[in-house]
Amino acid sequence: MAPHHLPFYLAPGSGTDTLMVVMGIFLIGTVLWVGTLYWRLHSLPERMAHKSQKLQFEFVAVLGLISLFTHMHIFWIAGLLLALIDIPDFGTPLRSIADSVEKIADATPGQDDAPIEAGPAPAAAGASDIAKKEHSHV
């Protein structure tokens, strides 16, 4: 009873709706593509921090996970901002200073093999004259 010239978008009497099958495949592909795009966008701060070898990489990764599970986008924005800025490295100069002080402490004179004598320090040649002159003013 159906007419012979039906438009392509109408299902024929045989029961197979071609347009619905094509749209179903398109819908599944689109959902997978949008999901992949979402995951790549969500991991953007972590990838940026990892590429540039930032010190705060772990902190950025934790902020990304928190924003993923809590659905609070402020954590993602904070992670993105941390991935973009360079935090100064204070550890390396302080470690260098500590190593230098340690080398200086190991290289002090008098610690070679001779023990330091505990007696009074020898007086300079003109020290007694200076001491007498100072007492005369009192």
Side-chain angles (χ1 to χ4, degrees):
M1 295 194 48
H4 296 288
H5 301 291
L6 290 175
F8 74 93
Y9 53 85
L10 291 178
S14 65
T16 305
D17 190 358
T18 311
L19 185 60
M20 188 177 82
V21 171
V22 169
M23 288 308 296
I25 293 171
F26 176 76
L27 179 65
I28 291 172
T30 304
V31 166
L32 290 175
W33 178 74
V34 168
T36 304
L37 181 69
Y38 172 77
W39 287 111
R40 287 192 52 86
L41 180 65
H42 184 76
S43 67
L44 178 69
E46 188 175 350
R47 286 185 286 124
M48 288 173 57
H50 184 66
K51 280 182 187 175
S52 59
Q53 300 295 321
K54 302 277 181 159
L55 293 173
Q56 65 269 25
F57 169 69
E58 291 87 8
F59 194 60
V60 170
V62 168
L63 284 174
L65 284 174
I66 290 172
S67 73
L68 178 68
F69 291 122
T70 62
H71 301 290
M72 295 178 69
H73 304 298
I74 191 70
F75 293 116
W76 186 85
I77 293 169
L80 182 64
L81 291 176
L82 274 177
L84 289 174
I85 63 170
D86 285 327
I87 294 177
D89 182 20
F90 294 114
T92 303
L94 291 176
R95 194 173 305 114
S96 174
I97 291 170
D99 291 342
S100 298
V101 168
E102 199 172 297
K103 286 179 187 176
I104 291 171
D106 289 341
T108 55
Q111 285 189 355
D112 296 333
D113 287 331
I116 300 175
E117 296 180 14
S128 61
D129 295 335
I130 295 172
K132 288 179 186 176
K133 288 181 183 178
E134 287 180 11
H135 287 292
S136 65
H137 294 292
V138 178

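- Linking Ile, Leu, Val, Met, Phe, Trp and Tyr whenever their side-chain heavy atoms come within less than 4.5 Å leaves L32 and M23 in two separate clusters.
- Separating the CD1 atom in I104 from the CG atom in D99 is a distance of 11.0 Å, to the nearest 0.5 Å.
- V62 and I74 fall within the same hydrophobic cluster, where Ile, Leu, Val, Met, Phe, Trp and Tyr residues are linked whenever their side-chain heavy atoms come under 4.5 Å apart, directly or through other members.
- In this structure, the side chain of W76 engages the main chain of H42 through a donor-acceptor pair within 3.5 Å.
- At most 12 non-hydrogen atoms from other residues, nucleotides or ligands lie less than 6.0 angstrom from CZ of F26.
- A donor-acceptor contact shorter than 3.5 Å links the side chain of Q56 to the backbone of I85.
- Taking the side-chain contact (heavy atoms from CB on, under 4.5 Å) definition, one finds that L84 meets it with M48, L80, sequence neighbours left out.
- Checked against side chain to side chain donor-acceptor pair (under 3.5 Å), S96 has no partners two or more places apart in sequence or in another chain.
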Could you go step by step and tell me if L68 and W39 meet the side-chain contact (heavy atoms from CB on, under 4.5 Å) rule?
-> CA-CA 10 Å; L68 178 68; W39 287 111; 3.7 Å; yes
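- The hydrophobic clustering, which links ILVMFWY residues whose side-chain heavy atoms are closer than 4.5 Å, places L63 and M72 together.
- One distance of note links CD of E58 with CD of E46; it measures 10.0 Å at 0.5 Å rounding.
- Within the 3.5 Å criterion, the main-chain N or O of G35 finds no donor-acceptor partner in the side chain of R40.
- Note that CE of M20 and CD1 of I25 are 11.0 Å apart. Values are rounded to the nearest 0.5 Å.
- Other residues, nucleotides and ligands contribute at most 12 non-hydrogen atoms within 6.0 Å of the CZ atom of F59.
- Proximity of a side-chain donor or acceptor of H50 to a complementary backbone N or O of F57 within less than 3.5 Å is not detected.
- Here the side chains of L44 and R47 are in contact, with some heavy-atom distance below 4.5 Å.
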